[in-house]
**Q** 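Got a structure here, written out as structure tokens. Questions coming.
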Amino acid sequence: MSEQPRTVALLGATGSIGTQTLDVLRRERETLTLDAISGGQRVDELIAIAREFSVSRIGVMDAAAAKAVLDELPHADVVVGAEGLGNLAASSDIVLNAVLGFAGLPVTLSALEHGRRLALANKESLIAAAPLVDRVRSVSGAGEIVPVDSEHCAIYQSLAGSAHEVGYPDVRRLLVTASGGPFRGRRAEDLTRVTKQDALNHPTWQMGAKITIDSSTLMNKGLEVLEASALFGIEVDRVDVVVHPQSVVHSMVEFVDGTTMAQLSMPDMRLPIAYALGRPVRFDHAWGSIDFSTALTLTFEPPDREAFPALDLAYAAGRRGGAAPAWLSAANEVAVEAFLAEEIRWCDIVAVVADVLTDYEDDSLGSLEALRDNDARARAKARERITRLRT
Ligand code: NDP
Ligand code: MG
């Protein structure tokens, strides 16, 4: 007898990760059933997804979007805002969090609290809320996290080479690979006049605008160091960054005996998405398999920490712990939005984040209210600095 399909809530269904997840689901209709979705501004796309997959549980951001959905789908069960997202994340077998930024927090917390598998693309929620997420994960019956971020999915798979399940004493370090983004090889003084178009032109990955900008500043890699530390419970100084422009080696684990384990595939997010949905089953469809019958050169180099100071800022926030990563990520979200709105220059993004962090005073992040308060303060300070830059 074949098994019942597992249910999937796809939150952030209209975005880059969301639509690539739909590609995977189209191929896995026998094993996976989409039963909840959410979106933001792209309401028409959300309605089209609901129709294609016959989904009735739908999350939207505001009352106007709820009305637009109900006009088209009168029998839909529509929920609104952050509370709605939390509800949608509570009841499916697998919750894929593809929401953008800190707004993904209710999804992460609710899925874990309700014992669901959290297939996690939304790194910002984990980074900001790491102490709170740790607490939820330590409760018996809590859900598991399977990372969707390609580097972390690679590390997750490579850690199968460890004899341990926590602490990983046989792991010397995690090596997070970075493409280097569109400005690899440029010096700090060559980067003062780069345009939005230049920054949005990623060499190896097609992604949403925010993460594409984060890749150009290397803030994405800094966030990924914090993400790796939070996910695997390994201090940031045991996480290194290696620039690998081909984006074929998705990350590595170096063990104490000198062995390095890696996961390789062509850059295609549908592979880590399918892995996170299927684990421990591997679906029989190869996204991004490598053609070794033609020449393939893989190169590695250290990152340029002077031209890309975001990396060291992230390490410093990780060492400080508490709410420092939440401040870094919140200030960065505000600065990237301002850059995308052409209010500040590219080189101002990381300068704003660095400046905001100088105001941070240690906070151990004891509660969700404390996190929300820290997030709001960091955002307000970032906006203050942006206003000052514009005048
Ligand atoms: P997109 O901007 O393409 O999509 C984001 C999704 O979240 C959309 O469905 C969007 O709705 C929705 N959304 C945006 N803001 C809000 C909000 N305030 N409340 C509720 N929903 C909201 O982003 P990506 O798909 O690129 O990235 C999603 C997450 O995955 C990010 O955390 C990113 O760091 C991570 N990630 C992405 C990768 C990629 O290849 N794209 C790779 C690894 C990680 P709408 O579009 O309808 O407005
Ligand atoms: Mg990544």
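Atoms within each ligand, like the ligands themselves, are counted from 1 in listed order.
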**Q** Output, by chain and residue number, all protein N/O/S atoms separated from the Mg ion (ligand 2) by less than 2.8 Å.
**A**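 Atoms qualifying: D149 OD1, E151 OE1, E224 OE2.
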**Q** So, E224 versus N220: side-chain donor-acceptor pair below 3.5 Å or not?
**A**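 On atom types as modelled, these side chains qualify, holding a pair under 3.5 Å.
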**Q** May I ask you to say whether R117 pairs ionically with D93, meaning some side-chain N is under 4.0 Å from a carboxylate O?
**A**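 Looking at R117 and D93, the cut-off is not met.
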**Q** Taking the six-membered ring for Trp, are H250 and W205 parallel (under 30°), tilted (30 to 60°) or perpendicular (over 60°)?
**A**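 Tilted: the ring planes of H250 and W205 meet at 30° to 60°.
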**Q** Among side-chain atoms of Q246 and T299, is any donor-acceptor pair under 3.5 angstrom?
**A**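 Result is yes, a qualifying pair exists.
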**Q** Tell me whether H152 contacts the main-chain N or O of Y156 through its side chain, where contact means a donor paired with an acceptor under 3.5 Å.
**A**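 Not a single qualifying donor-acceptor pair exists.
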**Q** Does the side chain of Q263 come under 3.5 Å of the side chain of S265 through a donor N or O and an acceptor N or O?
**A**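 Per modelled atom types, Q263 and S265 side chains form a pair under 3.5 Å.
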**Q** With a cut-off of under 6.0 Å to the ring centre and 45° to the axis, is R320 in cation-pi contact with Y315?
**A**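 R320 over Y315 ring: no.
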**Q** Are the side chain of N97 and the backbone of G104 linked by a donor-acceptor contact shorter than 3.5 Å?
**A**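 Side chain of N97 to backbone of G104: a pair is present.
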**Q** Do R57 and S91 have side-chain N/O donor and acceptor atoms under 3.5 Å apart?
**A**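 Result is yes, a qualifying pair exists.
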**Q** Let me know which protein residues bring a heavy atom to under 4.0 Å of ligand 1; chain then number is fine for ordering.
**A**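 Residues near ligand 1: G12, A13, T14, G15, S16, I17, G39, G40, Q41, R42, M61, A98, V99, L100, A103, A121, N122, K123, E124, D149, M207, G208, I211, M269.
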